[in-house]
Amino acid sequence: MEEKTVVILGVTGSIGTQTVDVIKALKGFKVVGISFGRNVSLAEKIIDELGVKYYVSEREASKGVKIETLEELFSITEPDIVVCAIPGFEGVKAALESLKHTKRLALATKEALVCAGPFVKQLAEKYSVEIIPIDSEHSAIFQLYEPHIDHVLITASGGAVRDVPLDDIPSLTPAQILKHPTWSMGGRITVDSATMVNKLFEVIEAHELFNLDYSKIDVKLNRSSFVHGIVFLKDGVIKIHAGKPDMRIPIAYSLTYPERIYESCIADVKEFDLSLYNVEEERYPIFHYGLELARTQSGLSWRIALNASDEIAVEYFLREKITFRQIETVVKRTVDYVIEADKSVESINDVYEIDNISRNYAAKVVKELLSK
Ligand SMILES: NC(=O)C1=CN([C@@H]2O[C@H](COP(=O)(O)OP(=O)(O)OC[C@H]3O[C@@H](n4cnc5c(N)ncnc54)[C@H](OP(=O)(O)O)[C@@H]3O)[C@@H](O)[C@H]2O)C=CC1
Ligand SMILES: CC(=O)[C@@H](O)[C@H](O)COP(=O)(O)O
Ligand SMILES: [Mn+2]
C-alpha cells in the first residue's frame, strides 16, 4: 500500500500526541506537516522523531521549516489526510481550511460541526472530502451505522462532578474539575465534560454527522466509559460499540478506515459494564438547557454562541477568575442574548460574525461578574 501523507493540526495536545503514537505503531503513514501552539520543545521532539518537514505555529522551532499559514502548508503538502485536533474556534477555522486541501478530514474538533456543520458538509461535498469522526462516541456510531436506524445513543461518563454532593458543585476548583474519572484529555474538553457541554456538543455533532433529528439521539451515563455508542435498528436489533476507553483506537480507525488494522488490549468479559443511567437535570443544567434549545431553535447562531461563551467561560474558570457555577451564567446569558438578536447565519462569514458578537458579550458578562 502506498504511504498516506498526513498533516496533524494540534500535534502537541492530547489527541495530537496520541495520533503520533498511533502513526508510530502503524505502517503506511507519513507526517508531512504539523501545527501547534506554544509547546515548542514537544513539537521539536515530534519533528525529530517523525522527520516532519513543515510546521505552522506562532512560535519558532529550531527544527523543521516554518510555514506562515495553514493554507500555505496545505498547498505545499496537499496531504491525503488532515487530523484536526485544535480545540475551540481556532479549530473551526482550521477544519474549514483543511477541507479545501485534503481527501480525508479525521475530525476531533467537534466545535467545527457545532459552529459550522452545514458549511463543513457543503465544503466536504464540493471538494470530495471524507469526514471521519475521531470523537469516541461518533466513531462508534460511524462504525455501527447502517440505514435502517430507529435511533442512536451516545454515552457520557458524567465527568468530575458525577458523585459530588449537589451543594458542593458550584465552588469546585479547576484542579477538582480536571480530574476526569475515565479519560485523560485537554483542559477545555475536561471542563466541558463536567458541565456536560461536551455531551451537548456531541448531540449536535451526531445530528450533523448522521443527519439525525435531535429526538433520535439519546444520551445516558455509562460510568466506566466502556460503552461508547449504541445503534437501535428498526427490526429490533441493537448494536453496541464498547471497549476500554482509549482514544488511540478511534484515532487509528479514522486513519485506516475502511481497514481495521490497529491492535490494542481487549477487555475481559468481567470488565464489561453495560449499565446506563439518566442525566440528572439538577447536576447538569447547561446540558438540559441546550437540549431544549436544540429542540426549539433553528439555525446556527445559538450553537456558535454556545461554543464562544463556553470557550471564554472555561478559560476564566481555569484561570480561577470565575467559579465553576458561573460558567453556566456566562453561557446562558450569552446564548439568550444571541437568540434575542435573531441573526441568521447564511455564510461562513456570518459564523465568524456571530462568534465575534458572542465573544464580546460573554466578555461583558464576565466583566460584570468580576466587578461584583
Ligand atoms: N482529548 C480527547 O480525548 C478528545 C478531544 N476531542 C476534541 O479534540 C480537540 C483537541 O482536544 P485535545 O487534544 O484534548 O486538546 P489539547 O488542549 O490537549 O491540545 C490542543 C492542541 O491544540 C494546539 N493549539 C491550540 N491553539 C492552537 C492554534 N491556534 N494553532 C495550532 N495549534 C493550536 C495546542 O498547542 P500547544 O499545546 O503547543 O499550545 C495543542 O497541541 C478538541 O476539539 C476536543 O473537543 C474529542 C474527543 C476526545
Ligand atoms: C473521549 C471522548 O470522546 C470525550 O469526548 C469523552 O466523551 C469526554 O467524556 P464525557 O463522556 O464525560 O463527556
Ligand atoms: Mn466524546
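Remember, it's 1-based here, ligands and their atoms both numbered in the order they're listed. From a predicted model like this one, the values you see are computed outputs, not experimental measurements. Numbers for residues simply follow the sequence, beginning at 1.
The heavy atom nearest to atom 25 (C) of ligand 1, out of those in Leu107, Ile86, Ile251, is found in Ile86. By heavy-atom distance, the residue among Ser136, Ser57, Ala95, Ser14 lying nearest atom 12 (P) of ligand 1 is Ser14. The residue from Ile34, Thr190, Ile189, Val11 that puts a heavy atom closest to atom 6 (N) of ligand 1 is Ile189. One option in Ala194, Ser193, Ser14 has a heavy atom closer to atom 8 (C) of ligand 2 than any other, and that option is Ser193.
Distances from ligand 1 to the non-hydrogen atoms of Ser35 include at least one value under 4.0 Å. Ligand 2 lies within reach of Met185, whose nearest heavy atom is under 4.0 Å from it. Within the structure, the closest approach of Met196 to ligand 2 does not fall below 4.0 Å when heavy atoms are considered. Under a 4.0 Å heavy-atom criterion, His180 is in contact with ligand 2. Remark: distances from the non-hydrogen atoms of Ile189 to ligand 2 include one below 4.0 Å.
Among all protein heavy atoms, the one lying closest to atom 13 (O) of ligand 1 is Ile15 N, 2.9 Å. Looking at atom 36 (P) of ligand 1, its nearest protein heavy atom turns out to be Thr12 OG1, 3.3 Å. The protein heavy-atom contact nearest to atom 14 (O) of ligand 1 is Gly186 N, 2.9 Å. For atom 2 (C) of ligand 2, the closest non-hydrogen atom of the protein is Ser136 OG, 3.4 Å. Among all protein heavy atoms, the one lying closest to atom 43 (O) of ligand 1 is Glu111 OE1, 2.7 Å. Distance from atom 32 (N) of ligand 1 to its nearest protein heavy atom, with residue and atom name: Phe36 C, 3.4 Å. Ranking protein heavy atoms by distance to atom 47 (C) of ligand 1, first place goes to Asp135 OD1, 3.3 Å. For atom 19 (O) of ligand 1, the nearest protein heavy atom (residue, atom name, distance) is Gly13 CA, 3.2 Å. Nearest to atom 45 (O) of ligand 1 among the protein's heavy atoms is Lys110 CE, 3.4 Å. With respect to atom 11 (O) of ligand 2, the closest heavy atom belonging to the protein is Lys199 NZ, 2.9 Å. The protein heavy atom nearest to atom 7 (O) of ligand 2 is Glu137 OE2, 2.4 Å.
The distance from atom CD1 of Ile204 to atom CG of Leu113, rounded to the nearest 0.5 Å, is 10.0 Å. Here CD1 of Ile141 is found 11.0 Å from CD of Glu205. Values are rounded to the nearest 0.5 Å. Distance OG1/Thr12 to CZ/Arg59: 11.0 Å, rounded to 0.5 Å. Taking OG1 from Thr17 and CG from Leu42, the interatomic distance works out to 7.0 Å, rounded to the nearest 0.5 Å.
Within the 4.0 Å heavy-atom criterion, the part of Met247 lying near ligand 1 is the side chain and not the backbone. Of all the heavy atoms of Arg188, none lies under 4.0 Å from any atom of ligand 1, so neither backbone nor side chain is involved.
The two residues Thr323 and Pro170 have their closest heavy-atom pair at CB-O, 3.7 Å. Shortest non-hydrogen contact noted between Val366 and Ile312 is CG2-CG2, 4.2 Å. Here the shortest heavy-atom pairing between Ser254 and Ala106 reads OG-CB, 3.5 Å.
Considering just the N/O/S atoms of Asp135, the one nearest the Mn ion (ligand 3) carries the name OD1. Taking the N/O/S atoms of Glu137 in turn, the shortest distance to the Mn ion (ligand 3) belongs to OE1. Per residue Glu202, closest N, O or S atom to the Mn ion (ligand 3): atom name OE2.
Comment: Arg295 does not engage Asp213 in a salt bridge, judged by the lack of any side-chain N to carboxylate O separation of less than 4.0 angstrom.
Figure legend: Lys66 and Tyr54 shown without cation-pi pairing, the cationic atom not lying both under 6.0 angstrom from the six-membered ring centre and within 45 degrees of its axis.
Within ligand 1, the atoms closer than 4.0 Å to a non-hydrogen atom of Glu90 are 29 (N), numbered from 1 in the order shown.
In this structure, the ring of Phe324 has its center less than 6.0 angstrom from the ring center of Phe317.
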